[in-house]
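First comes the structure, then the notes that go with it.
Note on naming: letters A, B, ... go to the chains in the order of the sequence lines (proteins, then strands), and numbering restarts at 1 for each one. The model shown is predicted, which means the values in this text are computed figures rather than measured ones. The figures that follow rest on heavy atoms only: side chains count, while hydrogens, waters and symmetry mates do not.
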Amino acid sequence: MILGLVGPTAIGKSALALQLAKELNTNIISADSMQIFKEFNIGTAKPSNEEMSRIKHYMINIVDPCDSFNSNNYSQQVDKIITLENDKGQIPFMVGGTGFYFDSTLYEMDFENSVDYDLRKELNNYLILNGALELHNLLMKYDIESAMKIHPNNTKKVIRAIEIYKTTGLKKSDGNLNNKKLKYENIIFELTINREVLYKNIEKRVDKMIDNGLFDEVFNLMKYVPIDAQSMQGIGYKESVNYLKGNCTKEQTITSIKQNTRNYAKRQITYFKRLNTIKLDADLSANENINIINSIIKRYI
RNA sequence: GGGAAGAUUCCCGAGCGGCUAAAGGGAGCAGACUGUAAAUCUGCCGUCUUCGACUUCGGUGGUUCGAAUCCACCUCUUCCCA
């Protein structure tokens, strides 16, 4: 059993989560694909050390910035944590904006051992040489059903589908995507807010990150983290790299970070619709929301 | 004061007599998503009673069968010489 809190970036998840975790006397499992990286602090709006010392946060600062990490790595680690906490009689509180991490934790995922990075490289070369359509035709040969579902332009997904077939002999379309097996009972809350207000919040937050020294952080990171590392693709980071390399002005960079963050928030909101969430109004005070949450939890548990 | 360029749909920006509601990009909105997910990708995007109709390309008036595209004047903008 787990409790969850989702919401788009900059809506105030962390603040509410902190209070709630204290109230409920539980630990937090972060579900954030960027906060997993060590040393990526300002741009990921990571909780402060002080905050993390007050409430235990799992899944933050667990990956070296030069390494890669994926949703499967995530769910495997979180499985252990949930079991551990549940065994102690605790219901952990999963908080974050990475909807896919919730998905891959809450449900049984198909295709064990279906990763082959060399094959990906190979397919990527094939893509460069022959184009997206030919790559898609390749998938057509192995798994027509998936090929029909995946747009040829979505080459990452086309490659993954081929990879699944080549490594496991299974077709992606054989997975249980439409019939997912639930792993954990859960109650997921979702913070919502008026879109315009959200976008304003985002802009304010980005300005704050800049004031807090985002560029310095990235400058130091660039000394040892390759620019094409997964960690460097995060919003706020890739744009800063571009700026520090002298490719654009500071103003352009800030505008672009704000823009990309807004677009991201929009995608998050779309994703949350597939999660079965209970909506919370971010305009209400933390205490009000905590009361609402408490009453709902009591009803279920 | 003289000269040059230009005003295009929310923004940038093509078009330079018919094939144009007007390329492309951005924004916005909606959506997809099972191992890079802060990623990747898709659709819509003048209005409407949407297989058709209507109103648009600074303004007004012309030339044409027909104009965002040509002409005249007006308004504004940028730039250059004073």
Side-chain angles (χ1 to χ4, degrees), chain A residues 6 8-10 30-37 40 43-46 63 65-78 96-117 119-121 124 127 132 135-136 146 148-164 167-168 170-183 195-196 198-199 202 205-206 209 226 228-240 252 255-275:
Chain A
V6 299
T9 185
S30 165
D32 187 302
S33 65
M34 281 297 145
Q35 292 184 359
I36 53 165
F37 292 113
F40 276 59
T44 64
K46 204 177 273 179
V63 182
C66 300
D67 292 341
S68 290
F69 193 78
N70 63 44
S71 65
N72 190 52
N73 303 143
Y74 180 84
S75 67
Q76 283 181 353
Q77 293 192 35
V78 170
T98 305
F100 190 38
Y101 279 4
F102 276 85
D103 236 0
S104 51
T105 306
L106 258 24
Y107 299 95
E108 208 85 60
M109 290 289 136
D110 303 309
F111 316 118
E112 290 271 329
N113 302 318
S114 59
V115 169
D116 183 340
Y117 288 101
L119 178 63
R120 276 188 205 181
K121 243 177 228 159
N124 209 51
L127 165 67
L135 182 76
H136 192 254
S146 296
M148 298 301 277
K149 272 189 214 154
I150 304 171
H151 189 102
N153 286 159
N154 203 346
T155 54
K156 271 190 189 183
K157 293 215 163 93
V158 173
I159 288 178
R160 171 92 263 256
I162 296 173
E163 181 187 22
I164 287 174
T167 53
T168 65
L170 299 170
K171 295 175 183 173
K172 190 180 181 206
S173 47
D174 290 336
N176 295 308
L177 182 58
N178 297 315
N179 187 23
K180 295 186 283 191
K181 278 176 250 161
L182 189 71
K183 278 197 294 188
R195 190 69 57 89
E196 273 177 49
L198 210 219
Y199 287 176
I202 286 172
R205 185 202 247 191
V206 171
M209 284 177 179
D228 60 352
Q230 188 187 334
S231 57
M232 279 297 197
Q233 309 319 308
I235 297 169
Y237 292 91
K238 57 184 171 205
E239 299 87 348
S240 297
Q252 289 171 329
T255 303
S256 153
I257 294 173
K258 288 175 179 173
Q259 186 56 64
N260 290 336
T261 308
R262 273 190 262 138
N263 293 160
Y264 167 51
K266 174 74 183 63
R267 269 177 276 131
Q268 287 181 296
I269 292 166
T270 299
Y271 199 97
F272 298 146
K273 287 176 184 163
R274 66 170 47 215
L275 265 28

Nearest non-hydrogen partners of [X] and [Y], listed with the distance:
X         : Y         : answer
Ser104(A) : Ser75(A)  : O-CB, 3.2 Å
Thr167(A) : Asp116(A) : CG2-CB, 3.6 Å
Arg195(A) : Lys266(A) : NH1-CD, 3.0 Å
Asp103(A) : Met109(A) : O-CE, 3.3 Å

Contacts of Lys156(A) and Ser71(A) projected onto RNA chain B by closest heavy atom; the upstream (5') one is Ser71(A)
Asp174(A) vs Arg262(A), nearer the 5' end of RNA chain B by closest nucleotide: Arg262(A)
If we take the [atom1] atom in both [N] and [M], what is their distance in whole Å?
N       : M       : atom1 : result
rC41(B) : rC51(B) : C1'   : 29 Å
rU9(B)  : rG46(B) : P     : 13 Å
rG61(B) : rU69(B) : P     : 14 Å
rU47(B) : rA37(B) : C1'   : 38 Å
rG18(B) : rA5(B)  : C1'   : 28 Å
rC16(B) : rG6(B)  : C1'   : 14 Å
rU56(B) : rC10(B) : P     : 14 Å
rA4(B)  : rC73(B) : P     : 13 Å

Taking a pair as Watson-Crick or G-U wobble with both distances under 3.5 Å, which nucleotide is matched to [N]?
N       : answer
rC48(B) : rG52(B)
rG66(B) : none
rU42(B) : rA30(B)
rG6(B)  : rC76(B)
rG1(B)  : rC81(B)

Choose from [options] the nucleotide whose nearest atom is closest to any side-chain atom of [X].
X         : options                   : answer
Tyr264(A) : rA39(B), rA38(B), rC29(B) : rA38(B)
Thr270(A) : rC41(B), rC33(B), rA37(B) : rC33(B)
Arg274(A) : rA37(B), rA32(B), rG35(B) : rA32(B)
Ile235(A) : rU40(B), rG31(B), rA38(B) : rA38(B)
Val115(A) : rA38(B), rG35(B), rC41(B) : rG35(B)

Donor-acceptor pair (no angle test) under 3.5 Å: Asp32(A) side chain, rA38(B) base: yes
Distance below 4.0 Å between [X] side-chain N/O and [N] OP1 or OP2:
X         : N       : value
Tyr101(A) : rA37(B) : yes
Arg195(A) : rC29(B) : yes
Gln259(A) : rG28(B) : yes
Gln233(A) : rU40(B) : no
Asn153(A) : rU40(B) : no
Ser75(A)  : rG35(B) : no
Lys266(A) : rA30(B) : yes
Tyr199(A) : rC29(B) : yes

Give [X] one of three labels, base, sugar-phosphate or nothing, depending on what nucleic acid heavy atoms sit under 4.0 Å from its own.
X         : answer
Asp116(A) : nothing
Asp103(A) : nothing
Ser33(A)  : base
Arg160(A) : base
Glu112(A) : base
Tyr74(A)  : nothing
Ser68(A)  : nothing
Gly236(A) : nothing
Lys238(A) : sugar-phosphate

Side chain of Glu163(A), backbone of Leu119(A): donor and acceptor closer than 3.5 Å? no
Tell me if a side-chain donor or acceptor on Tyr101(A) pairs with a main-chain N or O of Asp32(A) at a distance below 3.5 Å. no
Between [atom2] on [N] and [atom1] on [X], what's the gap in Å once rounded to a whole number?
X         : N       : atom1 : atom2 : result
His151(A) : rA39(B) : NE2   : P     : 19 Å
Asn263(A) : rU42(B) : CG    : P     : 14 Å
Arg267(A) : rC29(B) : CZ    : P     : 12 Å
Arg120(A) : rG35(B) : CZ    : P     : 8 Å
Ile36(A)  : rA39(B) : CD1   : C1'   : 12 Å
Phe40(A)  : rA39(B) : CZ    : P     : 14 Å
Gln268(A) : rA38(B) : CD    : P     : 7 Å
Met209(A) : rA38(B) : CE    : C1'   : 10 Å

Under 3.5 Å, is there a donor-acceptor pair between the Ser114(A) and Arg160(A) side chains? yes
Run the salt bridge (Lys or Arg N to Asp or Glu O under 4.0 Å) check on Lys172(A) and Asp110(A) step by step: do they pass? CA-CA 9 Å; Lys172(A) 190 180 181 206; Asp110(A) 303 309; over 6 Å; no
Let's go through Tyr199(A) and Lys258(A) carefully: what are the C-alpha distance in whole Å and the side-chain angles of both, what is the deciding distance for side chain to side chain contact (heavy atoms under 4.5 Å, CB included) to 0.1 Å, and is it a yes or a no? CA-CA 9 Å; Tyr199(A) 287 176; Lys258(A) 288 175 179 173; over 6 Å; no
